[in-house]
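Atoms within each ligand, like the ligands themselves, are counted from 1 in listed order. Both backbone and side-chain heavy atoms feed into the values below; hydrogens, waters and symmetry mates do not.
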Amino acid sequence: MRSLAGVLPDVEIAVIEPLLEQIEALKASRRAVILAHNYMTPDIYHGVADLRGDSLALAQMAAKTDAEVIVMAGVHFMAETAKLANPAKMVLIPDLRAGCSLAESITGADIRLLRQRYPGVPVVTYVNTSAEVKAESDICCTSSNAVAVVESLGTGRVIFLPDQYLGRWVASQTEVDLILWQGSCIVHERFTGDELRAYRKDHPGIKIIAHPECPPDVLAESDFVGSTTGMISWVERNRPRRVVMVTECSMSDNVAAELPDVEFVRPCNLCPHMKRITLQGIADSLRYLRHEVTINPAIAERARRAVTRMLEVRT
Ligand code: 13P
Ligand code: SF4
């Protein structure tokens with residue numbers, strides 16, 4: 001078991017210790033691995049996760065693991081992507097309600113209509129989508145490889161779905177012309193440029209780093225833009241005296257526990273979907289093998305092609 005000393009107060013550690021021990025025992029008996037997204041709460045991220053990362057890292061880890069069971073401490077599209085990347089494994093998601101506003105913003109039928117409107121233009125789909133949407137796509141991408149994926153297609157134009165802000169960010173980094181959709185993340189769309197300018201005024205010298213799901217005025221105010229793991233690596237490398245991570249708020253808690261020399265200014269926008277995942281839910285998931293992620297084989301085969309193609313793109 002990892003140590004939570006210095007991450008949580010001692011009294012809190014004492015309360016959750018029996019649950020942590022149960023999870024460790026269940027993990028061993030199930031031959032399971034827990035993959036945790038960077039937005040998990042510190043008890044999960046520092047207490048029980050075997051592997052931690054952004055969406056791309058989680059998909060890569062899922063593809064490689066030799067564990068028999070994968071528990072996805074993240075949201076549903078991440079569990080589906082893990083299943084697509086490694087179909088022989090049992091993939092569990094502790095709470096089926098852990099969705100995503102981006103995944104809800106588009107359907108397979110929408111993509112079929114777009115293909116009719118723009119014949120021959122390839123479709124790049126953010127992994128924050130259902131398997132049904134992935135199945136209609138040429139290739140997937142994440143926030144950490146989106147530009148490389150778009151450019152890997154060798155076309156002058158691509159349809160890029162569904163996050164309009166990530167799309168605008170990618171468009172600003174490439175010559176490729178992007179046709180966008182209207183999706184957005186309920187967490188990142190709430191940040192504003194004014195809010196960030198106020199941080200700069202109140203905390204002179206502060207570094208601002210943001211996720212590319214934020215609106216353009218937020219990204220324009222930022223010193224660095226990157227995926228969740230990209231943001232963590234930036235802080236680890238640059239060790240700013242004071243920083244604000246413009247993203248879901250558990251991430252600052254997780255990183256702050258490891259970097260006591262950096263002061264984190266912490267606006268708190270929580271993702272209600274990520275917060276469905278709890279230690280108790282993870283223990284129950286391992287104990288009762290629930291909720292197993294299954295994908296209709298006709299959809300899975302086509303969706304897997306889009307995920308595998310993404311994993312082959314060099315970044
Ligand atoms: P990352 O792939 O950057 O971790 O982003 C996933 C996500 O859901 C951000 O809101
Ligand atoms: Fe989806 Fe936004 Fe939550 Fe990420 S933070 S899972 S993009 S709703």
Applying disulfide (SG to SG under 2.5 Å), which residue pairs with at least one partner in residues 125-242 are found, sequence neighbours left out?
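Every candidate disulfide (SG to SG under 2.5 Å) pair involving residues 125-242 fails, so no pair, neighbours aside, qualifies.
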Residues pairing under disulfide (SG to SG under 2.5 Å) where one sits in residues 221-315, two or more places apart or in two chains, turn out to be Cys249-Cys268
Considering only heavy atoms from C-beta outward, does the side chain of [X] approach that of [Y] to under 4.5 Å?
X: Ile139; Y: Ser152; answer: yes
X: Met274; Y: Val75; answer: yes
X: His76; Y: Arg276; answer: no

Flag the pair Asp223 and Arg200 as a salt bridge only when some basic side-chain nitrogen lies within less than 4.0 angstrom of an acidic carboxylate oxygen.
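Salt bridge: yes.
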State whether Lys27 and Glu24 are salt-bridged, where the test is any N-O pair (Lys NZ or Arg NE/NH1/NH2 against Asp/Glu carboxylate O) under 4.0 Å.
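Looking at Glu24 together with Lys27, the answer is yes, because their closest N to O distance falls below 4.0 Å.
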Leaving waters out, which protein N, O or S atoms fall under 2.8 Å from atom 3 (Fe) of ligand 2?
Cys271 SG
Contacts for ligand 1, heavy atom under 4.0 Å, by chain and number, are His37, Tyr39, Asp54, Ser55, Asn128, Ser143, His188, His211, Glu213, Ser227, Thr228
Take Leu153 and Val176 through the side chain to side chain contact (heavy atoms under 4.5 Å, CB included) test and state the conclusion after the steps.
CA-CA 10 Å; Leu153 297 171; Val176 180; over 6 Å; no
Kindly assign one of parallel, tilted or perpendicular to the pair Trp234 and Phe224, based on the angle between their ring planes and the thresholds 30° and 60°.
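Judged by the thresholds at 30° and 60°, the geometry between Trp234 and Phe224 is parallel.
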